[in-house]
Amino acid sequence: MNLSELQLAGRGLLKLADLNEAQVLGLVDLAIELKRRKKAGEHLQNPLLLGKNICLVFQKSSTRTRCATVVAVRDEGGSAEYLGLQDIHFGKKESVADSARVLGRMFDGILFRGFQHSIVEDLAKYAGVPVWNGLTDDWHPTQILADLQTIKEHFGKLKGLTLAFVGDGRNNVCNSLMVGCAMVGINMVNICPPELAPREEVLALALSHAHRNGSSLTVCHDPQRGVQGANVVYTDVWASMGEESLFRQRLELLKPYQVDMQMMKNTGNLDNDQVIFLHCLPAFHDHNTEITESCGALEVSDQVFEAPFSKVFDEAENRMHTIKAMILASLT
Ligand code: CP
Ligand code: NVA
(Lines give C-alpha, C1' and ligand atoms only; values in the text may rest on other atoms or scores of the structure.)
(Ligands and ions follow the chains in the order given, each with its own letter.)
Protein backbone atom coordinates (compact mmCIF):
# COMPACT_ATOMS: atom_id res chain seq x y z
CA MET A 1 0.00 0.00 0.00
CA ASN A 2 1.78 3.16 -1.17
CA LEU A 3 -0.27 6.11 0.03
CA SER A 4 2.13 8.73 -1.26
CA GLU A 5 1.51 7.62 -4.87
CA LEU A 6 -2.03 8.96 -4.55
CA GLN A 7 -0.62 12.47 -4.01
CA LEU A 8 -3.47 13.43 -1.73
CA ALA A 9 -1.47 14.23 1.42
CA GLY A 10 -2.77 17.41 3.04
CA ARG A 11 -5.74 17.58 0.66
CA GLY A 12 -9.45 17.05 1.35
CA LEU A 13 -12.22 15.98 -1.02
CA LEU A 14 -15.17 18.21 -1.88
CA LYS A 15 -16.27 16.57 -5.15
CA LEU A 16 -14.94 13.75 -7.33
CA ALA A 17 -13.99 16.13 -10.14
CA ASP A 18 -11.30 17.56 -7.81
CA LEU A 19 -9.45 14.25 -8.25
CA ASN A 20 -7.93 12.76 -11.37
CA GLU A 21 -8.91 9.35 -12.74
CA ALA A 22 -5.85 7.60 -11.26
CA GLN A 23 -6.66 8.97 -7.80
CA VAL A 24 -10.25 7.71 -7.95
CA LEU A 25 -9.12 4.24 -9.05
CA GLY A 26 -6.30 4.32 -6.47
CA LEU A 27 -8.69 5.14 -3.61
CA VAL A 28 -10.97 2.27 -4.66
CA ASP A 29 -8.05 -0.18 -4.73
CA LEU A 30 -6.78 1.16 -1.41
CA ALA A 31 -10.23 0.60 0.13
CA ILE A 32 -10.25 -3.00 -1.13
CA GLU A 33 -6.85 -3.54 0.52
CA LEU A 34 -7.96 -1.84 3.77
CA LYS A 35 -11.02 -4.10 3.89
CA ARG A 36 -8.79 -7.18 3.60
CA ARG A 37 -6.42 -5.73 6.21
CA LYS A 38 -9.24 -5.05 8.69
CA LYS A 39 -10.77 -8.50 8.25
CA ALA A 40 -7.32 -10.01 8.92
CA GLY A 41 -7.01 -7.85 12.06
CA GLU A 42 -3.78 -6.29 10.77
CA HIS A 43 -4.90 -2.73 11.57
CA LEU A 44 -4.58 -3.60 15.28
CA GLN A 45 -0.83 -4.22 14.87
CA ASN A 46 -0.08 -1.07 12.94
CA PRO A 47 -2.75 1.64 13.36
CA LEU A 48 -2.17 4.49 10.90
CA LEU A 49 -4.02 7.39 12.56
CA LEU A 50 -2.49 7.38 16.04
CA GLY A 51 -2.71 10.87 17.57
CA LYS A 52 -5.02 12.15 14.82
CA ASN A 53 -8.25 13.95 15.79
CA ILE A 54 -11.09 14.19 13.29
CA CYS A 55 -14.36 16.06 13.72
CA LEU A 56 -17.67 15.51 11.96
CA VAL A 57 -19.76 18.66 11.42
CA PHE A 58 -23.24 17.50 10.40
CA GLN A 59 -26.23 19.70 9.53
CA LYS A 60 -28.22 16.73 8.15
CA SER A 61 -28.84 13.34 9.74
CA SER A 62 -26.85 10.26 8.85
CA THR A 63 -26.43 6.62 9.77
CA ARG A 64 -23.81 5.29 7.32
CA THR A 65 -21.56 8.30 6.76
CA ARG A 66 -21.34 9.14 10.45
CA CYS A 67 -20.74 5.58 11.65
CA ALA A 68 -18.40 4.72 8.77
CA THR A 69 -16.20 7.69 9.61
CA VAL A 70 -16.17 7.15 13.37
CA VAL A 71 -15.31 3.44 13.05
CA ALA A 72 -12.75 4.04 10.29
CA VAL A 73 -10.88 6.59 12.42
CA ARG A 74 -11.07 4.51 15.61
CA ASP A 75 -9.88 1.40 13.74
CA GLU A 76 -6.67 3.23 13.02
CA GLY A 77 -6.12 4.56 16.54
CA GLY A 78 -7.46 8.07 15.93
CA SER A 79 -10.31 9.90 17.63
CA ALA A 80 -13.55 11.18 16.07
CA GLU A 81 -15.83 13.85 17.56
CA TYR A 82 -19.42 14.24 16.24
CA LEU A 83 -20.73 17.83 16.20
CA GLY A 84 -24.42 18.00 15.26
CA LEU A 85 -26.46 21.05 14.33
CA GLN A 86 -27.51 21.64 17.94
CA ASP A 87 -24.03 21.13 19.42
CA ILE A 88 -22.04 24.01 17.99
CA HIS A 89 -22.44 27.64 16.94
CA PHE A 90 -21.51 26.85 13.31
CA GLY A 91 -23.24 29.25 10.93
CA LYS A 92 -25.64 30.50 13.64
CA LYS A 93 -23.84 32.42 16.37
CA GLU A 94 -20.49 32.16 14.57
CA SER A 95 -19.66 32.46 10.88
CA VAL A 96 -18.52 29.41 8.94
CA ALA A 97 -15.15 31.07 8.42
CA ASP A 98 -14.61 31.63 12.16
CA SER A 99 -15.75 28.13 13.16
CA ALA A 100 -13.51 26.70 10.43
CA ARG A 101 -10.46 28.50 11.79
CA VAL A 102 -11.18 27.32 15.34
CA LEU A 103 -11.80 23.69 14.34
CA GLY A 104 -8.70 23.75 12.15
CA ARG A 105 -6.55 24.72 15.17
CA MET A 106 -7.77 21.68 17.10
CA PHE A 107 -8.52 18.92 14.61
CA ASP A 108 -6.43 17.28 11.90
CA GLY A 109 -9.36 16.97 9.50
CA ILE A 110 -13.07 17.80 9.21
CA LEU A 111 -15.82 15.74 7.58
CA PHE A 112 -18.83 17.91 6.77
CA ARG A 113 -22.44 17.07 5.85
CA GLY A 114 -24.89 19.83 5.06
CA PHE A 115 -26.89 21.92 2.66
CA GLN A 116 -25.35 24.37 0.14
CA HIS A 117 -22.10 23.16 -1.38
CA SER A 118 -20.65 26.65 -0.80
CA ILE A 119 -20.60 25.92 2.96
CA VAL A 120 -18.14 23.04 2.59
CA GLU A 121 -16.10 25.16 0.18
CA ASP A 122 -15.88 27.92 2.80
CA LEU A 123 -14.98 25.42 5.47
CA ALA A 124 -12.15 24.11 3.29
CA LYS A 125 -11.01 27.63 2.47
CA TYR A 126 -10.60 28.69 6.09
CA ALA A 127 -9.90 25.51 8.11
CA GLY A 128 -6.27 25.02 7.08
CA VAL A 129 -6.71 21.23 7.43
CA PRO A 130 -8.24 18.67 5.02
CA VAL A 131 -12.02 18.95 4.70
CA TRP A 132 -14.03 16.05 3.28
CA ASN A 133 -17.55 16.32 1.91
CA GLY A 134 -19.88 13.79 3.53
CA LEU A 135 -22.83 15.04 1.38
CA THR A 136 -24.09 18.43 0.30
CA ASP A 137 -27.14 19.36 -1.78
CA ASP A 138 -25.00 18.98 -4.92
CA TRP A 139 -22.47 16.19 -4.37
CA HIS A 140 -21.88 12.97 -2.40
CA PRO A 141 -18.35 11.91 -3.42
CA THR A 142 -17.60 9.39 -0.66
CA GLN A 143 -20.77 7.47 -1.55
CA ILE A 144 -19.58 6.93 -5.09
CA LEU A 145 -16.17 5.65 -3.96
CA ALA A 146 -18.02 2.94 -2.02
CA ASP A 147 -20.27 2.22 -5.01
CA LEU A 148 -17.24 1.78 -7.28
CA GLN A 149 -15.59 -0.49 -4.71
CA THR A 150 -18.73 -2.64 -4.57
CA ILE A 151 -18.96 -2.84 -8.37
CA LYS A 152 -15.26 -3.73 -8.70
CA GLU A 153 -15.50 -6.40 -6.00
CA HIS A 154 -18.47 -7.97 -7.76
CA PHE A 155 -17.43 -7.79 -11.42
CA GLY A 156 -13.62 -7.66 -11.00
CA LYS A 157 -13.50 -4.54 -13.18
CA LEU A 158 -15.12 -1.15 -13.77
CA LYS A 159 -14.33 -0.06 -17.33
CA GLY A 160 -16.86 -1.16 -19.93
CA LEU A 161 -19.70 -1.94 -17.52
CA THR A 162 -23.05 -0.12 -17.80
CA LEU A 163 -24.85 1.53 -14.89
CA ALA A 164 -28.46 2.70 -15.06
CA PHE A 165 -29.49 5.28 -12.46
CA VAL A 166 -33.28 5.42 -12.17
CA GLY A 167 -35.06 8.26 -10.35
CA ASP A 168 -34.21 11.86 -9.43
CA GLY A 169 -31.68 12.55 -12.17
CA ARG A 170 -30.29 15.72 -10.63
CA ASN A 171 -29.74 14.93 -6.98
CA ASN A 172 -26.39 14.79 -5.16
CA VAL A 173 -25.91 11.03 -5.59
CA CYS A 174 -26.82 11.04 -9.28
CA ASN A 175 -24.58 14.07 -9.95
CA SER A 176 -21.63 12.32 -8.33
CA LEU A 177 -22.39 9.02 -10.05
CA MET A 178 -22.37 10.71 -13.45
CA VAL A 179 -18.92 12.15 -12.81
CA GLY A 180 -17.58 9.04 -11.04
CA CYS A 181 -18.73 6.58 -13.72
CA ALA A 182 -17.33 8.81 -16.46
CA MET A 183 -13.97 9.01 -14.65
CA VAL A 184 -13.56 5.23 -14.51
CA GLY A 185 -15.03 4.34 -17.91
CA ILE A 186 -18.43 3.00 -16.80
CA ASN A 187 -21.19 3.72 -19.33
CA MET A 188 -24.10 5.42 -17.61
CA VAL A 189 -27.74 5.99 -18.46
CA ASN A 190 -29.52 8.57 -16.30
CA ILE A 191 -33.18 7.52 -16.40
CA CYS A 192 -35.43 10.26 -15.03
CA PRO A 193 -38.56 12.28 -15.80
CA PRO A 194 -37.86 15.37 -17.94
CA GLU A 195 -38.67 17.57 -14.91
CA LEU A 196 -35.76 16.00 -13.00
CA ALA A 197 -33.15 15.92 -15.76
CA PRO A 198 -29.57 16.75 -14.74
CA ARG A 199 -28.37 20.36 -14.69
CA GLU A 200 -26.54 21.40 -17.86
CA GLU A 201 -23.26 22.21 -16.10
CA VAL A 202 -23.14 18.88 -14.26
CA LEU A 203 -23.90 16.96 -17.44
CA ALA A 204 -21.22 18.89 -19.33
CA LEU A 205 -18.64 18.18 -16.61
CA ALA A 206 -19.44 14.47 -16.60
CA LEU A 207 -19.49 14.30 -20.41
CA SER A 208 -16.02 15.83 -20.59
CA HIS A 209 -14.71 12.96 -18.45
CA ALA A 210 -16.73 10.38 -20.40
CA HIS A 211 -15.25 11.56 -23.72
CA ARG A 212 -11.75 11.34 -22.31
CA ASN A 213 -12.30 7.81 -21.02
CA GLY A 214 -14.25 6.43 -23.97
CA SER A 215 -17.47 5.81 -22.05
CA SER A 216 -21.01 6.95 -22.79
CA LEU A 217 -23.40 9.05 -20.72
CA THR A 218 -26.98 9.48 -21.85
CA VAL A 219 -30.20 10.81 -20.36
CA CYS A 220 -33.35 8.77 -21.02
CA HIS A 221 -36.94 9.24 -19.89
CA ASP A 222 -38.18 5.69 -20.54
CA PRO A 223 -37.62 3.62 -17.38
CA GLN A 224 -38.30 0.22 -18.93
CA ARG A 225 -36.26 0.67 -22.13
CA GLY A 226 -33.45 2.67 -20.52
CA VAL A 227 -32.18 -0.19 -18.35
CA GLN A 228 -31.49 -2.55 -21.29
CA GLY A 229 -27.94 -3.87 -21.03
CA ALA A 230 -27.36 -2.51 -17.52
CA ASN A 231 -24.97 -4.37 -15.19
CA VAL A 232 -25.85 -2.11 -12.27
CA VAL A 233 -29.32 -0.71 -11.58
CA TYR A 234 -29.05 2.09 -9.02
CA THR A 235 -31.68 4.22 -7.35
CA ASP A 236 -31.96 6.73 -4.51
CA VAL A 237 -34.81 8.34 -2.56
CA TRP A 238 -37.24 10.47 -4.59
CA ALA A 239 -36.97 13.51 -2.28
CA SER A 240 -33.59 14.22 -0.73
CA MET A 241 -32.94 15.73 2.69
CA GLY A 242 -34.04 19.36 2.54
CA GLU A 243 -36.72 18.58 -0.11
CA GLU A 244 -39.35 17.20 2.28
CA SER A 245 -41.99 19.69 1.07
CA LEU A 246 -41.70 18.22 -2.46
CA PHE A 247 -42.44 14.67 -1.34
CA ARG A 248 -46.04 14.34 -2.66
CA GLN A 249 -45.16 15.95 -5.99
CA ARG A 250 -42.16 13.61 -6.42
CA LEU A 251 -44.33 10.60 -5.66
CA GLU A 252 -46.54 11.36 -8.67
CA LEU A 253 -43.61 12.21 -10.93
CA LEU A 254 -41.50 9.18 -10.09
CA LYS A 255 -44.11 6.44 -9.64
CA PRO A 256 -43.31 4.91 -13.09
CA TYR A 257 -39.63 4.85 -12.11
CA GLN A 258 -39.85 2.35 -9.24
CA VAL A 259 -37.18 -0.35 -9.63
CA ASP A 260 -39.16 -3.61 -9.65
CA MET A 261 -38.56 -7.15 -10.89
CA GLN A 262 -39.84 -6.33 -14.37
CA MET A 263 -37.31 -3.52 -14.66
CA MET A 264 -34.51 -5.82 -13.50
CA LYS A 265 -35.59 -8.41 -16.12
CA ASN A 266 -35.58 -5.69 -18.78
CA THR A 267 -31.83 -5.30 -18.31
CA GLY A 268 -31.50 -8.63 -20.13
CA ASN A 269 -28.78 -9.49 -17.62
CA LEU A 270 -30.75 -11.12 -14.81
CA ASP A 271 -30.74 -14.69 -16.13
CA ASN A 272 -26.98 -14.68 -16.75
CA ASP A 273 -26.18 -13.10 -13.35
CA GLN A 274 -24.64 -10.02 -14.96
CA VAL A 275 -26.63 -7.39 -13.08
CA ILE A 276 -26.66 -6.13 -9.47
CA PHE A 277 -28.90 -3.65 -7.66
CA LEU A 278 -27.39 -0.78 -5.63
CA HIS A 279 -28.90 1.97 -3.47
CA CYS A 280 -26.96 4.45 -1.33
CA LEU A 281 -29.56 3.92 1.48
CA PRO A 282 -31.66 4.69 3.42
CA ALA A 283 -34.26 3.07 1.14
CA PHE A 284 -38.05 3.06 1.08
CA HIS A 285 -38.65 -0.57 0.10
CA ASP A 286 -41.43 -1.65 2.51
CA HIS A 287 -43.99 -0.40 5.05
CA ASN A 288 -41.51 -0.40 7.92
CA THR A 289 -40.70 3.30 8.16
CA GLU A 290 -42.74 6.23 9.47
CA ILE A 291 -42.89 7.67 5.95
CA THR A 292 -43.94 4.46 4.15
CA GLU A 293 -46.22 2.82 6.72
CA SER A 294 -49.27 3.98 4.75
CA CYS A 295 -47.95 3.75 1.17
CA GLY A 296 -45.35 0.94 1.13
CA ALA A 297 -42.41 0.68 -1.25
CA LEU A 298 -41.40 3.77 -3.23
CA GLU A 299 -38.19 3.87 -5.28
CA VAL A 300 -37.53 0.10 -5.08
CA SER A 301 -39.78 -2.91 -4.52
CA ASP A 302 -39.11 -5.09 -1.51
CA GLN A 303 -38.54 -8.07 -3.81
CA VAL A 304 -35.66 -6.32 -5.59
CA PHE A 305 -34.22 -4.88 -2.38
CA GLU A 306 -34.11 -8.32 -0.74
CA ALA A 307 -33.01 -10.27 -3.83
CA PRO A 308 -29.61 -12.04 -3.98
CA PHE A 309 -28.49 -9.62 -6.71
CA SER A 310 -29.05 -6.68 -4.32
CA LYS A 311 -25.64 -5.68 -2.92
CA VAL A 312 -26.82 -2.74 -0.82
CA PHE A 313 -25.32 -3.94 2.46
CA ASP A 314 -21.91 -4.66 0.89
CA GLU A 315 -22.19 -1.13 -0.48
CA ALA A 316 -23.03 0.25 2.99
CA GLU A 317 -20.08 -1.57 4.58
CA ASN A 318 -17.78 -0.24 1.89
CA ARG A 319 -18.56 3.31 3.01
CA MET A 320 -16.27 2.56 5.96
CA HIS A 321 -13.38 1.22 3.88
CA THR A 322 -13.53 4.02 1.30
CA ILE A 323 -13.81 6.81 3.88
CA LYS A 324 -10.84 5.25 5.68
CA ALA A 325 -8.89 5.20 2.40
CA MET A 326 -9.69 8.87 1.82
CA ILE A 327 -8.71 9.98 5.34
CA LEU A 328 -5.48 7.95 5.28
CA ALA A 329 -4.56 9.37 1.88
CA SER A 330 -5.02 12.89 3.26
CA LEU A 331 -3.37 12.45 6.65
CA THR A 332 -0.49 9.96 6.27
N1 CP B 1 -25.75 6.75 2.06
C2 CP B 1 -25.63 7.62 3.07
O3 CP B 1 -24.98 8.66 2.96
O4 CP B 1 -26.26 7.25 4.19
P5 CP B 1 -26.49 8.15 5.51
O6 CP B 1 -27.41 9.27 5.13
O7 CP B 1 -27.06 7.21 6.51
O8 CP B 1 -25.13 8.67 5.92
N1 NVA C 1 -30.07 11.99 -2.11
C2 NVA C 1 -30.13 11.58 -0.73
C3 NVA C 1 -28.94 10.77 -0.36
C4 NVA C 1 -28.94 10.26 1.03
C5 NVA C 1 -27.72 9.45 1.35
C6 NVA C 1 -30.26 12.80 0.16
O7 NVA C 1 -29.56 13.78 -0.06
O8 NVA C 1 -31.08 12.78 1.08
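Remember, it's 1-based here, ligands and their atoms both numbered in the order they're listed.
- A cation-pi contact links Arg66 to Tyr82, judged by a cut-off of 6.0 Å to the six-membered ring centre and 45° from its axis.
- With Asp236, Asp137, Val173, Thr63 as candidates, the residue nearest to atom 1 (N) of ligand 2 on a non-hydrogen basis is Asp236.
- Taking OG1 of Thr235 as the start and CG of Leu298 as the end, the distance is 10.0 Å to the nearest 0.5 Å.
- In this structure, CG on Leu30 lies 11.0 Å from CD on Glu5, to the nearest 0.5 angstrom.
- Residue, atom and distance of the protein heavy atom nearest to atom 4 (O) of ligand 1 are Arg64 NE, 2.9 Å.
- A distance of 3.5 Å separates CG of Asp147 from OH of Tyr234, quoted to the nearest 0.5 Å.
- At a 3.5 angstrom cut-off on N or O pairs, His140 does not count as close to ligand 2.
- Side-chain contact check for Thr150 and Asn318: at least one donor-acceptor pair (N or O, by modelled atom type) lies under 3.5 Å.
- If you number the atoms of ligand 1 from 1 as listed, the ones under 4.0 Å from a heavy atom of Leu281 come out as 1 (N), 2 (C), 4 (O).
- Interface atoms of ligand 2 facing Met241, defined by a heavy-atom separation under 4.0 Å, are 6 (C), 7 (O), 8 (O).
- Residue contacts with ligand 1: Thr63 is placed with a nitrogen or oxygen under 3.5 Å of a nitrogen or oxygen of the ligand (distance criterion only).
- Residue contacts with ligand 2: Asn172 is placed with a nitrogen or oxygen under 3.5 Å of a nitrogen or oxygen of the ligand (distance criterion only).
- Of the protein's heavy atoms, Arg113 NH1, 2.8 Å lies nearest to atom 6 (O) of ligand 1.
- Remark: Lys152 NZ to Lys159 NZ distance equals 12.5 Å, nearest 0.5 Å.
- Thr332 places no side-chain N or O within donor-acceptor distance of the main-chain N or O of Ala329, the cut-off being under 3.5 Å.
- Using 4.0 Å as the threshold, His140 has a heavy atom nearer than that to some atom of ligand 1.
- Rounding to the nearest 0.5 angstrom, the gap separating the CG atom in Leu123 from the CG atom in Leu111 is 10.0 Å.
- Only the side chain of Arg319 comes within 4.0 Å of ligand 1, judged by heavy-atom distances.
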Please test Asp138 against Arg199 for salt bridge (Lys or Arg N to Asp or Glu O under 4.0 Å), starting from the C-alpha separation and ending with a verdict.
CA-CA 10 Å; Asp138 293 343; Arg199 296 203 315 265; 3.7 Å; yes
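- At least one N/O-N/O distance between Cys280 and ligand 1 falls below 3.5 Å.
- The contact set between ligand 2 and Leu135, taken as ligand atoms under 4.0 Å from a residue heavy atom, comprises 3 (C), 4 (C), 5 (C), 7 (O).
- For ligand 2, the atoms closer than 4.0 angstrom to any heavy atom of Leu281 are 5 (C).
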